[in-house]
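Structure record follows, encoded as structure tokens.
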Amino acid sequence: MTLRFQVIGQAGAARVGQLETPHGVVETPAFFPVGTQATVKTLTPDDLQAVGAQGILANTYHLFLRPGADLVEELGGLHSFMGWPHPIMTDSGGYQAFSLGLALEHGVGKIAKMFPGNAEAPTRPTRKRLARIGEDGVQFSSHLDGSQHLLTPETSIKVQQQLGADLILAFDECTSPLSDLGYTRAAMERTHRWAGRCLDTWAADQQGLYGIVQGGAYHDLREQSGRFIGALPFFGLAIGGSLGRSKDDMHDVLDWTIPLLPEDKPRHLLGIGEPRDLFTCVERGIDTFDCVAPTRLARHGGLYTASGRLNIRKAIYRDDPAPIEEGCACQTCQGFSRAYLRHLFVADEILGYRLATVHNLHFILTLMARLRQSIVDGTFVEVKREFLAHDR
RNA sequence: GGAGGCGUGGUGUAGCGGCCUAACAUGCAGCCCUGUCAAGGCUGAGAUCGCGGGUUCGAAUCCCGUCGCUUCCG
């Protein structure tokens, strides 16, 4: 059983590395598509390999509720259960403390453009929260059947052991961008206490455990958290939590945090990002990413191209015989027109969601591979400049 | 030939005297989505209620006529 990370090349703060896991080596920087319920929606493991995925991220809370950790363990663990023999990371369920808690109550995501006082209204309706946070852990009302479940640092790590991912995450609390300094500090301190409990429960030789830096968009808190989490004996470090109200805020958070983390450990940025984010975050020293954006956007008709995102449902594509992107090597662009894809979306045909997902993942994973190579070649700055110049 | 029913945005329907400057679904258009409650959400355009006349303070709603569709009987 191998669990090891080594940096093999650098360009400024950007770095190329190898993350060895029991299920294979991840060449970093890398992007992990999200497969919350042990499936990257609409794709088979073969599809995933074809688009260039090295690893995926699944979710503890969702799998704990359904089908249950005991069952997955009985069936040989996640890799065997879902037929994916390559690296898997599991999120701890800490994010659900937010997404089913304050995110519902505030009607926001982890990067909130809408703040109280801003003229623009929230894009999502506010709803009653399904998660309540206490010192011991998070009390969830299942979104499936309303049943009550307490997830703690200990139970989260144990469930992740049963699921058997290669890389696992500490149980933390992701705060809302609308949380004030006082609340964000209290949540961060609680996450720090939970970090110790996660370490105490962790079987270090089995899985690589990542500690999570919190602190919202507050400078002092991020520094405090970066120092604290960075000094603990985790296998890797992740940056989580609210990243403010803009990309600038997000970059500030990375600039404050990353220099405080040990250089020899892998750094994961939770829940980011969009194509351009890969450049700006790798540039600051991030090694791995996970994000629902490419897959979710694909299912909603948002398709990546070198000149920005297009919405395939638009009328202008009704009779467009061109592929999504001229010159794209993905299965979708090789065989299908924009007009056909638009038809599939308008007709609500399943194939549309799959073809769109294939394209977006191929796009982002190919971009990541190019970016990785550019660090080796010493052309990162040029490649980045060129990409950003075209991306709208 | 006779009796009845129905005609409301592109489509299917709701409303059956004032709260209708007409509702809902779907479709259409645009926007949003960053550790997935997410094949989801938000916003918008679109009908003077078949046509004509009448009753009434007031009609999509009641009455008469007319046209169209439809069901049953012959």
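Proteins get letters first, then strands, A, B, ... in listed order; numbering begins at 1 in each.
OP1 or OP2 of B:rC37 sits under 4.0 Å from a side-chain N or O of A:Q96. Checking the phosphate oxygens (OP1, OP2) of B:rA39, no side-chain nitrogen or oxygen of A:Y353 falls inside 4.0 Å.
When the C1' atom is compared between B:rC73 and B:rU56, the two are found 38 Å apart, to the nearest whole Å. One C1' atom belongs to B:rA60, the other to B:rU48, and the distance between them is 10 Å to the nearest Å. B:rC19 sits 30 Å from B:rG27 when the C1' atoms are compared, rounded to a whole Å. Of the P atoms belonging to B:rC24 and B:rC67, the separation is 36 Å, rounded to the nearest Å. Using C1' as the reference atom, B:rG50 and B:rC69 are 11 Å apart when rounded to the nearest Å. Using atom P as the reference point in both B:rG68 and B:rC31, the two lie 46 Å apart (nearest Å). Here the separation of B:rU34 from B:rG17, taken at their P atoms, is 49 Å to the nearest Å. A distance of about 14 Å separates the C1' atoms of B:rG46 and B:rA23, rounded to the whole Å.
Considering only the side chain of A:I350, B:rA39 comes nearest among B:rU36, B:rU34, B:rA39. Which of B:rC37, B:rU36, B:rC33 sits closest to the side chain of A:S99 comes down to B:rC37.
Across all strands shown, A:G241 has heavy atoms under 4.0 Å from base atoms, whether or not it also approaches the sugar-phosphate. Heavy atoms of A:N59 sit under 4.0 angstrom from primed sugar atoms or phosphate atoms, though from no base atom. Here A:L57 lies in heavy-atom contact (under 4.0 Å) with sugar-phosphate atoms only. Across all strands, A:K247 comes closer than 4.0 Å to base atoms (heavy-atom distances). Residue contacts shown for A:E105 are absent, as no nucleic acid heavy atom lies under 4.0 Å away. Residue-level contact check: A:L144 touches neither bases nor backbone, having no heavy atom under 4.0 Å from any strand.
By the ring pair (Phe, Tyr, Trp, His ring centres under 6.0 Å) test, A:H300 is found to be paired with no residue, residues two or more places apart in sequence or in another chain being considered. In this structure A:F289 satisfies the ring pair (Phe, Tyr, Trp, His ring centres under 6.0 Å) test with no other residue, sequence neighbours excluded. In this structure, A:E74 has no salt bridge (Lys or Arg N to Asp or Glu O under 4.0 Å) partners at least two apart in sequence or on a different chain. Partners of A:A315 by side-chain contact (heavy atoms from CB on, under 4.5 Å), not counting sequence neighbours, listed by chain and number: A:R342. The salt bridge (Lys or Arg N to Asp or Glu O under 4.0 Å) test applied to A:E135 returns A:R193, not counting sequence neighbours. For A:Y95, the ring pair (Phe, Tyr, Trp, His ring centres under 6.0 Å) partners at least two apart in sequence or on another chain are A:F98. Taking A:D47 as the reference, A:L43, A:T44, A:R354 meet the side-chain contact (heavy atoms from CB on, under 4.5 Å) condition, with sequence neighbours excluded. A:Y218 meets the ring pair (Phe, Tyr, Trp, His ring centres under 6.0 Å) test with no other residue; sequence neighbours excluded. Applying the salt bridge (Lys or Arg N to Asp or Glu O under 4.0 Å) criterion to A:R284, with sequence neighbours excluded, gives A:D255.
Ring pair A:Y210/A:H268 is perpendicular by interplanar angle, where above 60° counts as perpendicular and below 30° as parallel.
A:R197 places a side-chain heavy atom less than 4.5 Å from the side chain of A:D136. In this structure the side chain of A:I272 reaches within 4.5 angstrom of the side chain of A:I111, judged on heavy atoms.
A straight line from CE of A:M250 to C1' of B:rU34 spans 8 Å, rounded to a whole angstrom. Note: NE2 (A:H62) to P (B:rA38) measures 6 Å, nearest angstrom. Distance A:Y95 OH to B:rC37 C1': 11 Å, rounded to the nearest Å. Distance A:I111 CD1 to B:rC32 P: 15 Å, rounded to the nearest Å. Remark: P of B:rA39 and CZ of A:R296 are 8 Å apart, rounded to the nearest angstrom. One can place CZ of A:R309 at 10 Å from C1' of B:rU34, the figure rounded to the nearest angstrom. Taking atom CG on A:L297 and atom P on B:rA39, their separation rounds to 12 Å, with Å as the unit. Atom CG in A:N360 sits about 15 Å away from atom P in B:rA39, given to the nearest Å.
The ring of A:H300 does not lie on top of the base of B:rA39; it is either too far (5.5 Å or more) or too tilted (30° or more).
The aromatic ring centres of A:H149 and A:F140 sit 6.0 Å or more apart.
Consecutive Watson-Crick or G-U pairing (both distances under 3.5 Å) extending over three or more pairs maps onto RNA chain B as B:1-7 with B:67-73, B:10-13 with B:23-26, B:28-32 with B:40-44, B:50-54 with B:62-66.
With the nearest nucleotide of RNA chain B identified for both A:D348 and A:G94, A:G94 has the one nearer the 5' end.
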Atom pairs under 3.5 Å, N or O on each side, protein against nucleotides 28-31 of chain B: can you list them with distances?
unit_1	atom_1	unit_2	atom_2	d
B:rA29	OP1	A:R342	NH2	2.6
B:rC31	OP1	A:K314	NZ	3.3

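Under the 3.5 Å distance criterion, with hydrogens and angles disregarded, no donor-acceptor pair is assigned to the side chains of A:T280 and A:D277.
Taken residue by residue, residues 260-292 of chain A places heavy atoms nearer than 4.0 Å to RNA chain B at A:L270, A:G271, A:I272, A:G273, A:E274, A:D277, A:D290, A:C291, A:V292.
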